[in-house]
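Hydrogens, waters and symmetry mates are skipped; everything else that's a heavy atom, side chains included, is used. No experiment lies behind these values; they were computed from the predicted model shown.
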Amino acid sequence: MKPDDTLDACGLLCPLPVLKLRKRLKSMNIGAVIAMQADDPAAVIDVPHFCAESGNELISATDADGVQTYLIRKTA
């Protein structure tokens, strides 16, 4: 799946990755997909929780070499 936008949140610590994700999603159209990369260990908990609470769809979450990549579809 090719995302409509990307967000590099590597080097940022909680809560900044989720705050930047929320801000970026606000400017996107419903149905658009964003890929976010983060290396904050708390993102493993924060991003899925944010998606569940905000009503956005977490399509996938992968981890490679300490960098997590999340695909999120804006649904709300």
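Considering all non-hydrogen atoms of both residues, Ala43 and Ala38 come closest at CB-CB, 4.1 Å. Closest approach of Ala35 and Leu71 over heavy atoms only: CB-CD2, 3.6 Å. Looking at every heavy atom in both residues, Gln37 comes nearest to Val67 through CB-CG1, 4.0 Å.
Leu21 has its side chain out of reach of Asn56: every pair of non-hydrogen atoms, C-beta onward, lies at least 4.5 Å apart. A 4.5 Å side-chain heavy-atom check between Asp46 and Pro17 finds every atom pair outside the cut-off. The closest side-chain heavy-atom distance from Ile34 to Pro3 is not below 4.5 Å.
A donor-acceptor pair under 3.5 Å is formed between the side chain of Asp39 and the backbone N or O of Gly11.
The side chain to side chain contact (heavy atoms under 4.5 Å, CB included) test with Tyr70 singles out one residue from Val47, Thr62, Ile59, and that residue is Val47.
In this structure, the separation between OG on Ser54 and NZ on Lys74 is 10.0 Å, given to the nearest 0.5 Å. To the nearest 0.5 Å, the span separating NZ on Lys20 from CG on Leu12 amounts to 6.0 Å.
Taking hydrophobic clusters as Ile, Leu, Val, Met, Phe, Trp and Tyr residues chained together by side-chain heavy-atom distances below 4.5 Å, Leu7 shares a cluster with Val44. Both Leu58 and Leu25 sit in one connected hydrophobic cluster of ILVMFWY residues. Membership requires side-chain heavy atoms under 4.5 Å apart, directly or through other members. Val18 and Leu16 are not part of a single hydrophobic cluster, where members link through side-chain heavy atoms under 4.5 Å apart. Transitive grouping of hydrophobic side chains (ILVMFWY, heavy atoms separated by less than 4.5 Å) brings Met28 and Phe50 into a common cluster.
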